[in-house]
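I have placed the structure first, in the form of structure tokens, so that the comments after it can refer back to it.
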Amino acid sequence: MTSLPTPDTDALAHSGRLSAHLRAEIQASDDAAIPFSRFMELALYAPGLGYYSAGASKFGEEGDFVTAPELGPVFAACTAEALAPVMQQVGPEGLFLELGGGTGAFAEVALKRLTELDALPDRYAILEPSAQLRQRQRERLQRRLPPPLFDLVEWVDGPFPHDWEGVLFANEVIDALPTPRFAIVDGQVHEEFVVIDEAGDGHGFARITRPADAFLTNAVRHIEQRLERRLPDGYRSELLPQLPYWIQAVSGGMKRGAMLFVDYGYPRGEYYLPERSDGTLRAFYRQRMHADPMLWPGLQDLTASVDFTALAEAGVGAGFDFAGYCSQASFLMGNGLAGVLERIERIADEGERLRRTEEVKKLTLPSAMGERFQVMGFEKDVEFGTAFLAGDLSFRL
């Protein structure tokens with residue numbers, strides 16, 4: 001932990017307020033413990049205090065991580081190219097729902113590219129839980145979009161409550177869903193809980209395990225059944241048994257259209273490999289990854305990799321057809337990257353040309369984001385499968 005930069009006084013005070021909130025909830029619980037998933041939920045989303053709800057800078061070089069849209073326009077331009085045929089199929093009244101929104105970088109480029117492709121939605125909605133990020137997105141889009149395009153954008157507090165047609169897009173969202181953690185103890189499924197531990201390593205919290213309820217136990221046994229092997233004693237990891245319900249909730253009343261998810265993760269057989277015996281949970285602070293999720297609550301991002309097999313099951317279970325699954329590199333190459341590279345080669349400014357070339361490398365090289373990030377799509381009464389033809393990996397699911 002010595003390699004992490006120390007937060008300033010104000011940041012530590014903010015974290016202290018969230019820690020006090022967490023301790024109060026733990027003390028108020030029946031058995032002085034809360035599930036780790038609840039700890040993660042509060043650490044990320046507690047109103048005014050959680051990492052995504054408060055005002056800390058999160059994106060870019062001064063934040064805690066860099067997402068694909070923040071690198072430059074390439075990712076959003078190619079993604080818009082993949083989604084444009086869906087918008088054309090559903091027609092001019094189609095809606096576009098982006099979950100999260102970062103700095104607004106994706107929406108800016110996507111709307112411009114959808115205009116060029118004659119595939120504009122009737123409305124572009126951003127579901128963003130952070131008031132600070134909403135304001136940042138609004139300022140950016142108002143500054144950089146022409147008024148007719150900016151007028152299409154709206155911010156919503158939840159999924160569409162009515163029947164709709166169009167596109168749902170989520171980049172690096174599922175990894176931040178509060179996840180239960182499980183452990184195998186004497187052959188039985190236990191769940192990780194968080195308790196107060198003033199005598200511990202200084203942050204005042206500790207993780208313990210207790211016998212899991214039937215819901216989590218059945219979810220773990222389902223994984224073992226599909227793996228055709230039992231997880232050994234001492235094995236710990238994450239799963240999202242609530243993922244099917246979340247997919248149903250965010251897609252709402254979508255009657256026709258497509259869903260597209262981009263995130264880092266693995267198919268189930270790789271997610272629960274024997275050597276990955278402590279799961280995939282990690283924390284990010286100032287571009288540094290570390291393994292203590294309870295350090296400085298509210299100041300660091302907490303994430304767990306996505307089980308893409310579980311995502312496929314959840315999407316199909318929500319009434320969609322599976323459209324495809326591939327690496328981010330393959331997805332970009334199959335959806336307009338060649339044209340982007342041609343345009344980059346024609347950039348006169350050498351510095352800008354090098355920046356865009358470096359952006360493409362970060363997005364596509366296996367050593368960077370190209371293989372680690374993966375893309376999965378679902379369709380309902382539209383054709384979306386062509387977006388995944390370059391390097392389809394569905395056989396790995």
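Sequence positions, counted from 1, serve as the residue numbers for this chain. Because the structure is a prediction, the values reported are computed rather than measured. Side chains are part of it too, since the values below use all heavy atoms of this structure and drop only hydrogens, waters and symmetry mates.
Scanning both residues, S130 and Y52, for their nearest heavy atoms gives CB-O, 2.7 Å. The heavy-atom pair separating P69 from A105 by the smallest distance is O-CB, 3.6 Å. The two residues S53 and G48 come nearest to each other via the heavy atoms CB-N, 3.8 Å. Heavy-atom minimum distance, G377 versus F384: CA-CE2, 3.9 Å. Residues L231 and E224 approach most closely at N-OE2, 2.9 Å, considering heavy atoms. Of all non-hydrogen atoms in P293 and L281, the two that sit nearest each other are CG-CD2, 3.8 Å.
A distance below 6.0 Å separates the ring centres of F205 and F39. In summary, the aromatic rings of Y271 and F308 are positioned with their centroids too far apart to meet the 6.0 Å limit. Aromatic pair F388/Y325: ring centres not closer than 6.0 Å.
With hydrogens and angles left out, the side-chain atoms of D301 and Y285 include no donor and acceptor closer than 3.5 Å. Checking Q137 against T103 by side-chain atom types alone, no donor-acceptor pair falls below 3.5 Å.
Counting non-hydrogen atoms of other residues, nucleotides and ligands closer than 6.0 Å to CG of D31 gives a total above 12.
With a 4.5 Å cut-off on side-chain heavy atoms, T357 and I344 count as touching. Side-chain contact between T9 and L12: absent, with no pair of heavy atoms (C-beta onward) separated by less than 4.5 Å. The closest side-chain heavy-atom distance from V153 to L111 is below 4.5 Å. Annotation: side chain of Y124 is not in contact with side chain of L95 (no heavy-atom distance under 4.5 Å). Residues F75 and V360 fail the side-chain proximity criterion, which asks for heavy atoms closer than 4.5 Å. Counting heavy atoms from C-beta outward, I126 and L97 have side chains that stay 4.5 Å or more apart. Looking only at side-chain heavy atoms (C-beta outward), L363 and F373 stay at 4.5 Å or farther from each other.
Atom CD1 of I223 is separated from atom CZ of R230 by 12.5 Å, given to the nearest 0.5 angstrom. One finds the CG atom of L71 at 13.5 Å from the CZ atom of R355 (value rounded to the nearest 0.5 Å).
A distance-only check finds a donor-acceptor pair linking the side chain of T280 to the backbone of S305 [under 3.5 Å]. Here the side chain of W164 pairs a donor or acceptor atom with the backbone of S251 at under 3.5 angstrom. One N or O on the side chain of E128 and one on the backbone of G101 form a donor-acceptor pair closer than 3.5 Å. Side-chain atoms of R288 come within 3.5 Å of backbone atoms of R286 as a donor-acceptor pair (strictly under, hydrogens ignored). For the pair E383 (side chain) and G385 (backbone), a donor-acceptor distance under 3.5 Å is present. Formation of a donor-acceptor pair under 3.5 Å by the Q88 side chain with backbone atoms of L117 is found in this model. Under a 3.5 Å cut-off, the side chain of D10 and the backbone N or O of A13 do not form any donor-acceptor pair. E98 places no side-chain N or O within donor-acceptor distance of the main-chain N or O of L127, the cut-off being under 3.5 Å. Using a distance-only test at 3.5 Å, with no hydrogens or angles considered, no donor-acceptor pair links the side chain of K380 to the main chain of D321. A donor-acceptor pair under 3.5 Å is formed between the side chain of T179 and the backbone N or O of L239.
Follow the hydrophobic side-chain contacts under 4.5 Å out from L302 and you reach Y45 in the same cluster.
The aromatic rings of Y235 and F182 lie parallel to each other, their planes meeting at an angle below 30°, with 60° marking the opposite boundary. Between F106 and F169, the ring planes are parallel. Angles under 30° get that label, and only those over 60° would be called perpendicular. Between F378 and F322, the ring-plane angle classifies as perpendicular under the 30° and 60° cut-offs.
R181 has a carboxylate O that lies under 4.0 Å from a charged side-chain N of D278, or vice versa, which qualifies the two as a salt bridge. With salt bridges taken as basic N to acidic carboxylate O contacts below 4.0 Å, none links E191 and R207. The pair E165-K255 does not meet the salt-bridge criterion, since no charged nitrogen lies less than 4.0 angstrom from a carboxylate oxygen. The pair E352-R356 meets the salt-bridge criterion, with a side-chain N (NZ, NE, NH1 or NH2) lying under 4.0 Å from an Asp/Glu carboxylate O. In this structure, E345 does not pair ionically with R353, as no charged nitrogen and carboxylate oxygen lie closer than 4.0 Å. Salt-bridge check for R282 with D292: failed, with every basic side-chain N at 4.0 Å or more from each acidic carboxylate O. The pair R123-E154 meets the salt-bridge criterion, with a side-chain N (NZ, NE, NH1 or NH2) lying under 4.0 Å from an Asp/Glu carboxylate O. Salt-bridge annotation for R38 and E25: present, with a side-chain N of the basic residue lying under 4.0 Å from a carboxylate O of the acidic one. Using a 4.0 Å cut-off between charged side-chain N and carboxylate O, R276 and E238 make no salt bridge. Between R236 and E192 there is a salt bridge, with a side-chain nitrogen of the basic residue lying less than 4.0 Å from a carboxylate oxygen of the acidic one.
For R372 and Y266, the positive end is not near the middle of the six-membered ring at less than 6.0 Å and at most 45° from its axis.
When each of I184, V185, V189 is checked for a side-chain contact (heavy atoms from CB on, under 4.5 Å) with T209, only V185 meets the rule.
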